[in-house]
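Accompanying notes for the structure given below.
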Amino acid sequence: MRYWLMKSEPSEVSIDDLESMKTVPWYGVRNYQARNFMRDQMRVGDMVFFYHSSCAEPGIAGLAEVCKLAYPDETQFEEGKYFDPKATRENPRWYNVDVKFSRKIPLISISELRRHPELSNMRILQKGNRLSITPVDPLEWDYIKSNLLR
DNA sequence: GCCAACGTTGGC
DNA sequence: GCCAACGTTGGC
């Protein structure tokens, strides 16, 4: 079982949206590295920190779980901002897993995360990091669960 | 709104 | 295959 951190803009899909929808396809990823994590490494049962990005209070807002293996992202075929003219049904370019709500937590802000030297290697805290899906080291996962999660 | 960092694109 | 230009991300 692996651990992940997945960024979502709350104006798009927030932890409250996930709670009310129960499960959500993680559509719209258009970065190859992030796609590869979903397509090649995520398994059902993997645990996820649900992270709010590009908002007033960025940080970990909840816990979720991978509940369906990667399959072609439907939005690449549809009109709209995620449409990809180079993608075909025979040759899809983008994939997504489904993610299931686990629980909401009191926000662990990015500034709070930065306060802990134990977490200083987390991808999310590195300067210039823009990757929307990153693996979380099991030690970092446990540290956050036992020290920062209420 | 700014801007640093980084990924992608496309001309050569 | 290089690399400049451009677009996007995301914290601040």
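Letters A, B, ... are given to chains in the order of the sequence lines, protein chains preceding strands, and every chain is numbered from 1. None of these values were measured; they are calculated from a predicted model.
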| message | Please report the interatomic distance CG(Leu148(A)) to CD1(Ile108(A)), rounded to the nearest 0.5 Å. | response | 5.0 Å

| task | Run through Trp26(A), Tyr27(A), Tyr32(A) and flag the one making a ring pair (Phe, Tyr, Trp, His ring centres under 6.0 Å) with Trp94(A). | result | Tyr32(A)

| request: Check every nucleotide of DNA chain B for an atom under 4.0 Å from a heavy-atom of chain A, then give the first and the last such nucleotide from 5' to 3'. | output: dA4(B) to dT8(B)

| query | Checking side chain to side chain donor-acceptor pair (under 3.5 Å) for the pair Thr75(A)/Arg30(A): CA distance, chi angles, key distance, verdict? | reply | CA-CA 11 Å; Thr75(A) 62; Arg30(A) 295 296 180 267; 3.0 Å; yes

| note | Only residue of Phe37(A), Phe50(A), Phe49(A) satisfying ring pair (Phe, Tyr, Trp, His ring centres under 6.0 Å) with Trp4(A) is Phe37(A)

| query | Heavy-atom contacts under 4.0 Å between residues 7-19 of chain A and DNA chain C, which residues? | reply | Lys7(A)

| said: Heavy atoms only, 4.0 Å cut-off, all strands: where does Arg30(A) land among base, sugar-phosphate and nothing? | reply: nothing

| Ring-face cation of Lys145(A) near Tyr143(A) (centre distance under 6.0 Å, axis angle within 45°) | no

| query | Run the side-chain contact (heavy atoms from CB on, under 4.5 Å) check on Leu119(A) and Ile144(A) step by step: do they pass? | reply | CA-CA 8 Å; Leu119(A) 303 175; Ile144(A) 291 171; 3.9 Å; yes

| task | Look only at the side chain of Arg114(A) and the backbone of Leu125(A), and say whether a donor-acceptor pair between them is shorter than 3.5 Å. | result | yes

| So which of Asp98(A), Asp17(A), Leu18(A) actually passes side chain to side chain contact (heavy atoms under 4.5 Å, CB included) with Val24(A)? | Leu18(A)

| field | Full working for side chain to side chain donor-acceptor pair (under 3.5 Å) between Asn96(A) and Tyr71(A) | value | CA-CA 6 Å; Asn96(A) 64 259; Tyr71(A) 59 96; 3.3 Å; yes

| said: Which residues in residues 116-136 of chain A have a heavy atom closer than 4.0 Å to any atom of DNA chain B? | reply: Lys127(A), Gly128(A), Arg130(A)

| message | Between Lys68(A) and Val97(A), is there a side-chain heavy-atom distance shorter than 4.5 Å? | response | no

